[in-house]
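Since the structure is predicted, the reported quantities are computational estimates derived from the model, not experimental observations. All residue numbers refer to positions in the sequence shown, counting from 1.
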Amino acid sequence: MRFSGKRAVVTGGASGIGRATALRLVEEGAEVWIGDIDEAGGEDVAATSNGRIHFLRTDVMKVEDIAALMAAADAAGGLDVVFNNAGAGGSRDPIEEISAEDWDRTQALLLRSVAMGIRYAAPLMIARGGGAIVNTASIAALQTGAAPTAYSVAKAGVLHLTTMAAADLSRYNIRVNAVCPGFITTNIFTAALSIDGEKRAMANDMIRGIATHAQPLQRAGKAEDIAAAVAYLASDDASFVTGTHITVDGGMTIGPRHSWDAEAPSLFSALQQFAS
Ligand SMILES: NC(=O)c1ccc[n+]([C@@H]2O[C@H](COP(=O)([O-])OP(=O)(O)OC[C@H]3O[C@@H](n4cnc5c(N)ncnc54)[C@H](O)[C@@H]3O)[C@@H](O)[C@H]2O)c1
């Protein structure tokens with residue numbers, strides 16, 4: 001019960017990583033305010049929590065929505081924890097084609113939203129003597145090949161924002177950290193596709209199949225894997241941890257595929273065959 005008597009905000013709490021984290025925080029004693037544009041999903045999560053999760057329709061592209069979400073949790077007794085997590089895939093256009101408008105929209109959704117989440121949480125936390133903020137970055141912040149360019153650059157920005165905010169806010173006893181998920185089976189991959197229920201279920205099955213073999217640990221990454229890391233970073237167990245990130249990716253960023261997959265082609269296996 002690491003969050004007994006604490007109040008937390010989770011953006012993107014209607015689905016996937018945000019939903020799992022809201023449920024985990026409640027399981028450990030917190031009262032949680034989730035903000036999302038998905039009203040049906042948000043109400044659904046709230047309905048499963050015995051009144052411990054409150055849903056507020058929140059578009060993280062809108063600063064006034066973010067401020068209202070933080071204020072709602074604070075008004076109930078003080079804001080202790082914020083998980084800036086809402087997001088989507090953003091523009092898939094390559095750098096030689098992307099428009100300035102699509103670039104800006106992706107940065108606003110994935111980076112400005114986190115900056116404004118910190119901006120509007122910090123004064124409330126300063127007033128009560130401290131708090132913990134966790135931001136969702138991605139392994140796409142660390143390397144190429146995980147996501148499109150605009151998304152990856154925004155997530156790299158989230159990582160540096162995390163360190164800058166940690167430095168600025170440490171004097172107020174506010175810790176700021178990030179989590180870098182690998183391939184996690186949530187709705188994010190199909191959310192932007194206009195496909196119906198059955199086709200969507202088939203696409204999600206296919207994604208789960210790919211996810212099982214996408215990294216050294218041979219199982220699909222789950223939203224609950226990320227929730228566990230976020231709960232640690234947000235808790236007093238991490239009271240001496242700030243300005244850093246935890247990568248939760250089943251080993252995906254360990255190194256090239258041939259270093260962990262005996263079937264993958266490599267120079268060494270080619271030479272071995274040549275020599276034998
Ligand atoms: N799933 C992965 O493999 C993975 C990997 C790395 C990082 N991430 C990041 O994790 C975070 C959560 O994604 P997820 O995988 O749980 O996906 P998801 O689609 O299951 O959940 C994302 C949630 O964010 C909400 N959202 C989208 N735009 C919003 C807006 N403008 N305002 C408020 N809410 C909005 C969606 O409605 C949804 O409920 C995202 O920031 C994503 O970039 C996911």
What closest approach, in Å, do A14 and G42 show between heavy atoms, and which atom pair accounts for it? CB-N, 3.4 Å
Would you say the side-chain atoms of D102 pair up with the backbone N or O of S99, donor to acceptor, closer than 3.5 Å? no
Is there a chain of hydrophobic side chains (I, L, V, M, F, W, Y, each step under 4.5 Å between heavy atoms) that links F3 to I226? yes
Is N85 reaching over with its side chain to a backbone N or O of T136, donor-acceptor style, under 3.5 angstrom? no
Restricting to pairs with a member in residues 17-26, which pass side chain to side chain donor-acceptor pair (under 3.5 Å), not counting sequence neighbours? R24-E28
Salt bridge R2-D237, side-chain N to carboxylate O under 4.0 Å: yes
Could you check whether any side-chain heavy atom of T162 comes within less than 4.5 Å of a side-chain heavy atom of I133, counting everything from C-beta outward? no
Which pairs with one or both residues in residues 239-250 pass side chain to side chain donor-acceptor pair (under 3.5 Å), sequence neighbours excluded? D249-T253
Are any side-chain N or O atoms of N177 and backbone N or O atoms of V241, one a donor and one an acceptor, separated by less than 3.5 Å? yes
For a side chain to side chain donor-acceptor pair (under 3.5 Å) with E31, tell me which candidate from H54, K6, R7 qualifies. H54
Going by atom types alone, do S152 and T149 pair a side-chain donor with an acceptor below 3.5 Å? no
Between the main-chain N or O of D93 and the side-chain N or O of S91, is there a donor-acceptor pair closer than 3.5 Å? yes
Charged N-O contact under 4.0 Å between R128 and D80: yes
Can any side-chain N or O of N173 pair as donor or acceptor with the backbone N or O of G129 at less than 3.5 Å? yes
Charged N-O contact under 4.0 Å between R208 and D205: yes
